[in-house]
Amino acid sequence: MLNIQSLSKNAQQQFTFSDFFSHRRNNFLLMTESYDHLPFYDDINRSILQQILSLGFDQGKSIADHDLQELFRQINWQVNATLKKSPVNMEGKSLETGISLLFVLFRENRLTVVQFGRILCGTISATEKVEIGHPWENFSVKSRDALNLLGYVDDNIPVKIHNIALEPGQNFVAFSSRHAARIGQTGLKPRLWKILFKELNDDSPFLHCLIENPMKPDYRISFFRRLKPFQITAGILTVIILVTAAYWFWGRNEVETQLISLKERYRELERNQDPQKAPELLGNLIQSVFPTADSASIKEIEQNIRETMEITNRLVKGPIDQIGLIREWSRPMEGKSGIVPKFDSKAIYYGYKNNVCAIDKSTRKELWKYEADSSVEQILLTDANRLLVATMSGKLFSLKRVGGDMEWVATNVTIQREVTSFPIQLNYIKDRRLLSSVLLFPEGDDLLALESRDGKEIAKLELTSDSIQISEYDILEKCWYIVEGSKLSKIRFDVF
């Protein structure tokens, strides 16, 4: 099992978060560093940690490399957008556009490393030093392009994943490039690295970590070497029988399962109750999961849960930090409409008077228009790339989504007009940037967004008509499509 030998403390220009427990399959370490410190860097760190925790590391979930790549691609866009809004610090000096980040996922002795910017890392043993990602030598003279800072570039950056196995006797090290020259003079012996990191940490809490995979004792190897082949076989069979019996008798790690369930239920309690009162209810929650536990055991479990979740609960202050409703674009229609708009991955479909139109999501150009026999009452998307249009005359038309050609028509159909039901709820399942749901509804001349937990107003958008219809939430575009009288608009939902 890996051990943490040395870990930096938080300073103004850096952030360190580790989650290590011996009974867990997945453990992780997150470090960020910035050359300029402004309050919004705390918000960036909090948002990154929140999204990493949403992957479920503490629940033992298996995380694939492509999931990590997609996560950090999304984080890069968010950091890029945030940094663009704050180009200058309080002294008028330009910020370094981007931050350094190191994320390490520990699965037993296997390491998955994601690296950005000025944080260097590698493995050290008594005979070998292996630099991971960026080379250590002369790193301070690298260009910004070579640095690969998180949030620096506008295009979709490549997220490189490094997978390594930490053998017994090896150490994983990570440190700021500011100290590369001093650290680079240290020899290969892991004992020297432990001393150096302790000395530097006592002088100043610079960004660093040292993770050790201890050497196995030699007496176990010599013991098995002395055994005869049949004794080894008998011992292996005995262990298999005992493990199988224990598995069927006690179940597969029942205590671990209960602890994971307890932790998830406590998060649900925080999400649905007043966060200030949630810790008071923790004892009752533990008693319900472990009904036979005595008071001393309950206190020990309670302390363990509070310690493991204390940093997360302190950093994640609420369901969201700040959101915005932004009208990204508007498009006039040739007549007023009371039809709820529909959409797929490529187009938006809406109706007015006797017409049904499709417009391209990216270019907003009209793709096709179909004129029905009477006023359009409802639009419905079906499978096989079809679009159903119900009219006031009782007809149901089936159109192709590509081209708008009619395929068949049914008559004497009774369909009521669909209207938007308020309030609209957007929860954390549809948008992973949230920790709890947001409510959306019109009030007077405004479209309001409220936090569902306390009813606090968190965003507002001015409307141009008192007759509106809103589509479902577009998960890909992070937006709604809204009809205001004779105008179609895209309302983007931003989380900062």
Side-chain angles (χ1 to χ4, degrees), residues 1-8 15-33 48-49 51-76 79 99-137 139 142 146-150 153 156-177 180 183 188 190 193 207-216:
M1 179 61 194
L2 305 180
N3 298 325
I4 300 179
Q5 292 294 331
S6 183
L7 191 64
S8 60
F15 168 80
T16 304
F17 181 86
S18 64
D19 205 7
F20 271 78
F21 302 95
S22 59
H23 66 278
R24 273 227 311 260
R25 181 179 303 173
N26 295 332
N27 292 287
F28 74 93
L29 173 72
L30 173 66
M31 290 182 168
T32 70
E33 182 184 43
I48 294 173
L49 176 60
Q51 294 180 69
I52 288 175
L53 290 174
S54 69
L55 294 177
F57 293 111
D58 55 347
Q59 301 174 38
K61 293 183 179 179
S62 178
I63 309 299
D65 286 355
H66 64 81
D67 293 331
L68 285 178
Q69 289 175 327
E70 180 60 29
L71 173 70
F72 281 98
R73 272 195 288 266
Q74 294 179 7
I75 290 176
N76 179 70
V79 173
I99 63 175
S100 301
L101 178 142
L102 180 73
F103 174 77
V104 185
L105 175 59
F106 299 90
R107 317 180 208 199
E108 297 177 350
N109 70 320
R110 292 177 294 113
L111 280 64
T112 300
V113 180
V114 181
Q115 182 186 44
F116 294 93
R118 302 180 182 276
I119 303 178
L120 307 179
C121 62
T123 60
I124 299 295
S125 66
T127 58
E128 187 180 26
K129 178 180 71 173
V130 179
E131 301 170 1
I132 299 175
H134 299 313
W136 299 359
E137 187 177 1
F139 190 79
K142 295 290 183 182
L147 283 178
N148 194 28
L149 291 166
L150 187 69
V153 290
N156 208 2
I157 64 170
V159 180
K160 295 182 180 179
I161 303 290
H162 305 283
N163 291 293
I164 59 174
L166 204 61
E167 302 296 334
Q170 276 189 316
N171 294 258
F172 174 81
V173 296
F175 50 90
S176 170
S177 63
I183 289 177
L188 288 177
W193 287 78
L207 191 145
H208 75 279
C209 77
L210 177 62
I211 309 294
E212 177 191 39
N213 190 3
M215 185 72 72
K216 294 181 180 179

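- Scored by the ring-ring contact (aromatic ring centres under 6.0 Å, His included) test, Phe106 finds Phe20 as partners (sequence neighbours excluded).
- Of all heavy-atom pairs spanning Leu29 and Ser18, the tightest one is CD1-CB, 3.7 Å.
- Between Phe103 and Phe116, the ring centre distance reaches or exceeds 6.0 Å.
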ask   = Stepwise, does the side-chain contact (heavy atoms from CB on, under 4.5 Å) test hold for Ser8 with Phe175?
value = CA-CA 9 Å; Ser8 60; Phe175 50 90; over 6 Å; no
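- Taking the side chain as every heavy atom from C-beta outward, Val104 and His162 never approach each other to under 4.5 Å.
- Gly117 and Leu149 get closest at one heavy-atom pair: CA-CD2, 3.7 Å.
- Smallest separation of non-hydrogen atoms from Thr123 and Ile164: CG2-CD1, 3.6 Å.
- Contact between Val113 and Leu102 at its shortest, heavy atoms only, is CG1-CD1, 3.7 Å.
- With rounding to the nearest 0.5 angstrom, the CZ atom of Arg110 is 11.0 Å from the CG atom of Leu2.
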key: Leu55 vs Leu68, side-chain contact (heavy atoms from CB on, under 4.5 Å): CA-CA, chis, key distance, verdict   = CA-CA 9 Å; Leu55 294 177; Leu68 285 178; 4.1 Å; yes
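- Note that the CD1 atom of Ile75 and the CD1 atom of Ile99 stand 9.0 Å from one another [nearest 0.5 Å].
- In this view, Asn163 and Asp65, Thr112, Ile161 satisfy the side chain to side chain contact (heavy atoms under 4.5 Å, CB included) rule, not counting sequence neighbours.
- Taking both residues in full, the closest heavy atoms of Gln115 and Asn148 are given as O-ND2, 4.3 Å, listed atom of the first, atom of the second, then distance.
- For the side-chain contact (heavy atoms from CB on, under 4.5 Å) test with Ser176, the passing option among Met31, Glu33, His208 is Glu33; the others fail.
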request  = Please test Leu150 against Ile48 for side-chain contact (heavy atoms from CB on, under 4.5 Å), starting from the C-alpha separation and ending with a verdict.
outcome  = CA-CA 11 Å; Leu150 187 69; Ile48 294 173; 4.1 Å; yes
request  = Kindly determine whether Leu101 and Phe72 satisfy side-chain contact (heavy atoms from CB on, under 4.5 Å), including the steps that lead there.
outcome  = CA-CA 10 Å; Leu101 178 142; Phe72 281 98; 3.6 Å; yes
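- Note: Leu30 CG to Phe17 CZ = 8.0 Å, rounded to the nearest 0.5 Å.
- Here the shortest heavy-atom pairing between Cys121 and Phe172 reads CB-CZ, 3.8 Å.
- If you take OG1 on Thr16 and CG on Leu207, they are separated by 4.5 Å, rounding to the nearest 0.5 Å.
- Evaluation of the side chain to side chain contact (heavy atoms under 4.5 Å, CB included) rule for Ser125 yields Thr127, Glu128, Gln170 as partners, not counting sequence neighbours.
- Note that the CG atom of Asp19 and the CG atom of Asn27 stand 6.5 Å from one another [nearest 0.5 Å].
- Of the possible donor and acceptor atoms, none in the side chain of Glu212 sits under 3.5 Å from a partner among the backbone N and O of Asn3.
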